[in-house]
Amino acid sequence: YRTPLKAHEEHAVFLRDQGRCTHVDAQGKRCDSDRYLHVHHIRPVRLGGANDPSNLTLLCSFHHELVHQLSFPIGDGEVSWIRAPQK
């Protein structure tokens, strides 16, 4: 069961991630996108992930689609993020 994000949870994620996508490419360059941002659960809700900001990250629509459609792993060496994923 997915609980909608509360405004303060979403606001905390936007502040922490500076209103930008958190994807970092293989060359260490962070995505420049600050438009079409989505709040993404690092550990999926279906696997027990919570709406706590420590389990949330901002992704632009392009990188969010890649994570879901291509099943990109988060934190397994192929895709890196500003913060280490929560286990």
Side-chain angles (χ1 to χ4, degrees):
Y1 172 70
R2 183 179 291 251
T3 305
L5 285 177
K6 294 182 175 137
H8 71 89
E9 294 165 331
E10 187 170 352
H11 184 67
V13 174
F14 270 81
L15 280 175
R16 184 202 56 224
D17 294 346
Q18 301 169 337
R20 283 182 45 214
C21 178
T22 59
H23 178 264
V24 178
D25 68 19
Q27 290 75 38
K29 184 177 184 310
R30 182 176 175 181
C31 178
D32 289 331
S33 184
D34 60 1
R35 297 179 64 187
Y36 310 112
L37 298 172
H38 303 226
V39 177
H40 175 74
H41 287 84
I42 296 169
R43 181 174 185 185
V45 172
R46 65 182 167 76
L47 298 177
N51 283 350
D52 184 89
S54 66
N55 186 49
L56 302 171
T57 194
L58 285 181
L59 295 175
C60 65
S61 58
F62 175 76
H63 287 116
H64 198 211
E65 184 74 13
L66 287 179
V67 167
H68 286 288
Q69 297 300 323
L70 300 177
S71 299
F72 268 20
I74 294 179
D76 288 346
E78 292 182 45
V79 176
S80 59
W81 308 93
I82 297 253
R83 306 179 276 113
Q86 303 297 307
K87 300 270 181 195

For Thr22 and Leu59, what are the C-alpha separation, side-chain angles and deciding distance, and is it a side chain to side chain contact (heavy atoms under 4.5 Å, CB included)? CA-CA 6 Å; Thr22 59; Leu59 295 175; 4.0 Å; yes

Hey, does [Y] have a side-chain heavy atom less than 4.5 Å from the side chain of [X]?
X     : Y     : result
Arg20 : Asp32 : yes
Asp17 : Arg30 : yes
Ile42 : Leu56 : no

Hey, is the main chain of Ala50 close enough, under 3.5 Å, to the side chain of Arg43 for a donor-acceptor pair? no

Between the main-chain N or O of Thr3 and the side-chain N or O of Asn51, is there a donor-acceptor pair closer than 3.5 Å? yes

Between His63 and Cys21, what is the shortest heavy-atom contact and its length? ND1-SG, 3.6 Å

Please report the C-alpha distance between Cys60 and Arg35 in whole Å, then the side-chain angles of each, then the deciding distance to 0.1 Å, and finally whether the side chain to side chain contact (heavy atoms under 4.5 Å, CB included) criterion is met. CA-CA 7 Å; Cys60 65; Arg35 297 179 64 187; over 6 Å; no

Ring-plane angle category for His64 and His40, please: parallel below 30°, perpendicular beyond 60°, tilted otherwise. perpendicular

